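Atoms considered below: every heavy atom in the structure, side chains included; atoms not considered: hydrogens, waters and symmetry mates. Keep in mind the model is a prediction, meaning the values are calculated, not measured. Within every chain, numbering begins at 1; the chains are lettered A, B, ... in the order of the sequence lines, protein sequences first and strands thereafter.
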There are 2 protein chains.
Amino acid sequence: MTLYGGQGDPARTMALLWRAHSPAGPDTARGRTAPGPKQGLTVDAIVEAAIAIADADGMERLSMRAVGERLGTSAMALYTYVPSKRELVDLMYDHAHAGRPQRYPLDGGVRNAVRGWADGLWDRYLRHPWLLQVSYARPVLGPHEQAVLESLLAVLQAAELPPDRLRPAVSALFHLVRGAAQTAAEGRAAAAATGTSDQQWWTERSAQLSRLAPDFAQRFPHSTALAGSSSTTDYDPVRQAKDALDGGLRLLLDGLLTDSREAA
Amino acid sequence: MTLYGGQGDPARTMALLWRAHSPAGPDTARGRTAPGPKQGLTVDAIVEAAIAIADADGMERLSMRAVGERLGTSAMALYTYVPSKRELVDLMYDHAHAGRPQRYPLDGGVRNAVRGWADGLWDRYLRHPWLLQVSYARPVLGPHEQAVLESLLAVLQAAELPPDRLRPAVSALFHLVRGAAQTAAEGRAAAAATGTSDQQWWTERSAQLSRLAPDFAQRFPHSTALAGSSSTTDYDPVRQAKDALDGGLRLLLDGLLTDSREAA
DNA sequence: ACCATCTCCGTATGCCGTAAAGTGATCCCG
DNA sequence: CGGGATCACTTTACGGCATACGGAGATGGT
């Protein structure tokens with residue numbers, strides 16, 4: 001199942017996100033410098049430790065205790081820096097969108113530039129599969145996430161789309177990449193967890209299915225045909241998902257870049 | 001954040017899914033009828049209770065204790081019927097895909113039939129938003145979920161697509177509907193949770209953003225332009241997401257139903 | 001009547017996020 | 001230089017979760 005939910009308080013999150021890399025202005029409320037002991041940690045260190053845990057062990061193993069332990073302190077020590085776990089996840093999400101070129105050359109045409117963008121995002125998702133467990137159905141909050149959107153918009157601007165096509169295109173592109181990456185990541189994880197090869201897994205599954213539902217082919221003829229048309233040997237779920245993504249992108253770009261205005 | 005994870009043991013899940021509505025054949029291992037007390041519950045009752053909880057209170061409130069309580073027993077009583085919570089969620093997922101027409105007339109053309117299918121799925125997701133928190137990046141397991149796929153394939157068959165376009169189209173359609181519905185459901189939930197209107201929410205957010213990042217417009221010119229082109233009064237997130245979905249579908253169908261074969 | 005077998009429940013374990021209160025370091029001000 | 005305010009961090013604890021385990025009692029076959 002997918003345990004999920006809303007993120008933390010957007011105001012707190014945004015303050016943390018946008019302030020994090022600035023030169024740390026004088027945030028002290030009523031002036032002066034500082035009483036009390038120095039801070040031994042930084043928000044960045046906490047976020048990076050949390051990302052390391054999520055990368056290595058998955059989101060379900062990410063706990064405040066684990067992050068604290070990795071930093072040599074307790075779980076509660078983190079609460080000085082981060083209001084709650086939800087905000088920490090938001091910070092992780094944005095931080096994982098940092099870096100990389102973010103500029104996709106238009107020399108090869110809009111198509112190739114869009115594909116480059118999609119490939120970059122795909123790679124990012126497969127490098128940090130836990131990103132796919134953080135809801136993206138929310139406004140963009142952080143600078144790095146914003147940069148990813150901006151880089152796509154820069155590419156699409158070259159296509160000179162009418163505004164009523166731009167928005168749906170952006171949404172659709174994100175949904176496509178994200179959905180395909182999720183399929184890939186989950187297939188990869190399942191293979192790693194069970195230890196069975198993909199082909200073996202499918203064989204077992206279809207054997208079981210034909211035992212449980214002998215009338216499957218009658219009930220679901222089109223599904224049966226689709227499964228039968230599967231390519232012979234390629235059961236690698238990551239490649240399958242990537243092929244589906246590339247194909248979906250092609251369809252979308254075909255629709256996007258033709259001027260066909262046949263009314264529906 | 002989105003807490004999520006893999007589903008339960010596929011073999012157990014499938015056995016439960018496909019056996020559930022059959023006339024309950026003699027499953028007793030070594031023949032005979034039954035010792036011990038009669039079962040006081042059914043898997044269906046458990047699944048329906050769980051769905052009722054998820055519909056009313058959301059997935060984060062779904063617990064074995066809550067389901068047991070709703071059925072007048074304890075949490076542990078459920079484990080006679082369901083191996084674990086993960087399998088229960090899988091059963092919920094399939095059960096929520098049951099019912100409804102599942103047949104979309106082709107009189108109005110493939111476009112309209114696909115749109116009908118997408119609208120049906122969209123409605124289902126908004127009726128059971130917790131469906132969007134269950135990972136769909138996994139093989140179809142249950143009969144009702146399969147029927148949804150089958151109904152789409154029946155529609156697409158009329159388009160006589162070449163096989164290398166059919167698979168990506170199916171993936172893309174699911175990703176589009178799901179992504180848009182997730183945006184809508186989350187926006188709706190956020191509005192309900194915070195009590196602020198959508199417009200108000202956006203106003204606060206952009207005010208905060210311009211305070212935290214005064215150089216936003218320089219750093220993200222395209223994003224700024226996109227935000228500025230927003231329609232005047234319509235901040236309803238559900239309608240926005242639906243518009244994005246419709247637009248995305250149009251693009252995809254344009255690409256799908258033209259015979260343009262310009263090599264990329 | 002016996003007993004194997006089954007359902008269901010009470011209890012317990014080990015997680016989780018985080019509230020609350022205590023501890024001691026550090027700086028400002030006198 | 002001393003006292004108090006202020007802060008970072010720790011300890012402890014609470015309530016909740018899924019679920020392992022073992023017991024209680026019902027049931028049917030022999």
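- Considering every non-hydrogen atom in both B:P143 and B:D94, the closest pair reads CD-OD2, 3.3 Å.
- Rounded to a whole Å, the OH atom of B:Y79 is 18 Å from the P atom of C:dA12.
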In B/S/- notation, 5' to 3', how is nucleotides 9-17 of chain D contacted by protein heavy atoms closer than 4.0 Å?
SBB-B---B
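- Taking atom CZ of A:R12 as the reference point, atom P of C:dT18 lies 12 Å away to the nearest angstrom.
- Between A:I53 atom CD1 and C:dC16 atom P there is a gap of 10 Å when expressed in whole angstrom units.
- Under the 4.0 Å criterion applied to side-chain N and carboxylate O atoms, A:D119 and A:K242 are assigned as salt-bridge partners.
- C:dT18 atom P lies 10 Å from atom CG of A:L88, rounded to whole Å.
- In this structure, the CD atom of B:E69 is 13 Å from the P atom of C:dC9, given to the nearest Å.
- Cation-pi geometry between A:R205 and A:W201 is met: the NZ or CZ atom falls under 6.0 Å from the ring centre, inside 45° of the normal.
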Ignoring hydrogens and angles, write down the donor-acceptor pairs under 3.5 Å from the side chains of residues 67-74 of chain B, residues two or more places apart or on other chains.
from	atom 1	to	atom 2	distance (Å)
B:S74	OG	B:M76	N	3.4
B:S74	OG	B:A77	N	3.4

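- With sequence neighbours left out, B:D57 forms a salt bridge (charged side-chain N to carboxylate O under 4.0 Å, His left out) with no residue at all.
- Here the shortest heavy-atom pairing between B:M92 and B:A54 reads CE-CB, 3.8 Å.
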